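This report concerns only the one structure given below.
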Amino acid sequence: MSDQLSKVFSALADPTRRDLVSRLAAGDATVGALAEPYEVSLQAVSKHLRVLEDAGLVSRTREAQRRPVHLEAEVLHLMTRWIERYARQAEERYQRLDEVLAELDETGDTRPRQHTPTEGQAS
């Protein structure tokens with residue numbers, strides 16, 4: 001799993017990491033603040049954050065003695081574009097199916113007519 005998208009989806013497969021991301025969407029936080037609601041050690045939360053950091057989802061900065069964790073929204077945009085592309089393709093397939101079903105309703109014929117693909121569509 002060397003590509004970034006695979007790393008991101010793998011990192012978000014864990015519910016604790018998804019929760020950390022959702023909490024960071026509200027703003028930067030320290031590891032201690034992020035660890036508060038969990039019944040796990042600070043080390044365990046740090047390991048989760050390291051996975052998110054390796055995937056490019058979060059970064060840590062140094063502000064005096066603090067090291068706040070920051071959500072990298074650009075990576076979420078990468079995921080969104082990937083999901084939207086396949087959602088559009090699925091929607092186009094459903095629309096074509098709706099058209100075929102509507103034709104069957106109109107004609108009462110149980111056999112679909114042969115269609116030639118329109119420009120830009122695969123058969």
Side-chain angles (χ1 to χ4, degrees):
M1 237 188 302
S2 59
D3 69 289
Q4 186 178 19
L5 194 59
S6 295
K7 287 181 180 180
V8 170
F9 279 115
S10 178
L12 292 176
D14 183 275
T16 301
R17 291 193 285 268
R18 287 193 306 271
D19 186 59
L20 288 167
V21 167
S22 70
R23 292 177 55 219
L24 286 168
D28 294 359
T30 63
V31 175
L34 289 169
E36 283 177 10
Y38 305 112
E39 294 182 14
V40 295
S41 69
L42 195 62
Q43 273 186 317
V45 172
S46 289
K47 284 183 180 182
H48 282 297
L49 289 170
R50 213 168 351 213
V51 172
L52 293 171
E53 196 170 13
D54 289 344
L57 282 160
V58 301
S59 61
R60 299 182 205 202
T61 58
R62 183 170 295 281
E63 292 178 6
Q65 297 293 71
R66 295 174 16 128
R67 289 200 60 189
V69 181
H70 173 77
L71 179 64
E72 297 296 337
E74 306 83 48
V75 177
L76 298 176
H77 294 301
L78 172 71
M79 294 175 62
T80 302
R81 285 192 308 271
W82 185 86
I83 291 168
E84 286 175 347
R85 176 178 37 172
Y86 292 105
R88 275 192 310 275
Q89 288 177 358
E91 182 59 33
E92 289 169 2
R93 283 195 318 271
Y94 289 129
Q95 287 175 356
R96 289 193 305 268
L97 178 59
D98 286 344
E99 291 168 6
V100 169
L101 293 174
E103 287 176 13
L104 289 175
D105 278 348
E106 289 172 5
T107 64
D109 191 354
T110 58
R111 295 172 294 141
R113 291 191 327 217
Q114 293 294 324
H115 289 277
T116 56
T118 59
E119 188 176 6
Q121 291 181 337
S123 54

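Only a predicted model underlies this, so the values are computations on that prediction, with no experimental measurement involved.
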Worksheet item: What are the two closest heavy atoms between L71 and A25, and how far apart are they?
Response: CD2-CA, 3.7 Å

Worksheet item: How many angstroms lie between CG in L52 and CG in L24, if you round to the nearest 0.5 Å?
Response: 8.0 Å

Worksheet item: Which atoms form the tightest heavy-atom contact between A55 and V8, and what is the distance?
Response: O-CG2, 3.4 Å

Worksheet, complete the sentence: CD (E72) and OG (S59) are apart, to the nearest 0.5 Å, by 3.5 Å

Worksheet item: Taking side chain as C-beta onward, heavy atoms only, is R60 less than 4.5 Å from E53?
Response: yes

Worksheet item: Can you tell if the side chain of R17 reaches within under 4.5 Å of the side chain of V51, non-hydrogen atoms only?
Response: yes

Response to the item:
In this structure, CG of D19 is separated from CG of L12 (nearest 0.5 Å) by 11.5 Å

Worksheet entry | Distance-only donor-acceptor check, side chains S6 and D3, under 3.5 Å | yes

Worksheet item: Do you know the tightest heavy-atom contact between P68 and D28?
Response: CB-CB, 4.2 Å

Worksheet item: Rounded to the nearest 0.5 Å, how far does CZ of R81 lie from CG of L76?
Response: 11.0 Å

Item to complete: Mind running side-chain contact (heavy atoms from CB on, under 4.5 Å) on V58 and H70 for me, showing each step along the way?
Response: CA-CA 5 Å; V58 301; H70 173 77; over 6 Å; no

Worksheet item: Any chain of hydrophobic side-chain contacts (each under 4.5 Å) joining I83 to V21?
Response: yes

Worksheet item: Hey, does Y38 have a side-chain heavy atom less than 4.5 Å from the side chain of L20?
Response: yes

Discussion item. For a 4.5 angstrom cut-off between non-hydrogen side-chain atoms, does L78 reach Q4?
Written reply: yes

Worksheet item: Rounded to the nearest 0.5 Å, how far apart are CZ of R18 and CG of L57?
Response: 12.5 Å

Discussion item. I want to check something: taking the side chain as every heavy atom from C-beta on, are E91 and Q95 in contact at a cut-off of under 4.5 Å?
Written reply: yes

Worksheet item: Mind checking whether V75 and Y86 sit in one hydrophobic cluster, side chains of I, L, V, M, F, W, Y counted as touching below 4.5 Å?
Response: yes

Practice prompt. Would you indicate whether the side-chain heavy atoms of T61 and V69 approach each other to under 4.5 Å?
Written response: no

Fill in: Atom pair CD (Q89) and CD (E84), whose distance is rounded to the nearest 0.5 Å
12.5 Å

Worksheet item: Would T30 and R67 count as a side-chain contact (heavy atoms from CB on, under 4.5 Å) if you check the C-alpha gap in whole Å, the side-chain angles of each, and the deciding distance to 0.1 Å?
Response: CA-CA 6 Å; T30 63; R67 289 200 60 189; over 6 Å; no

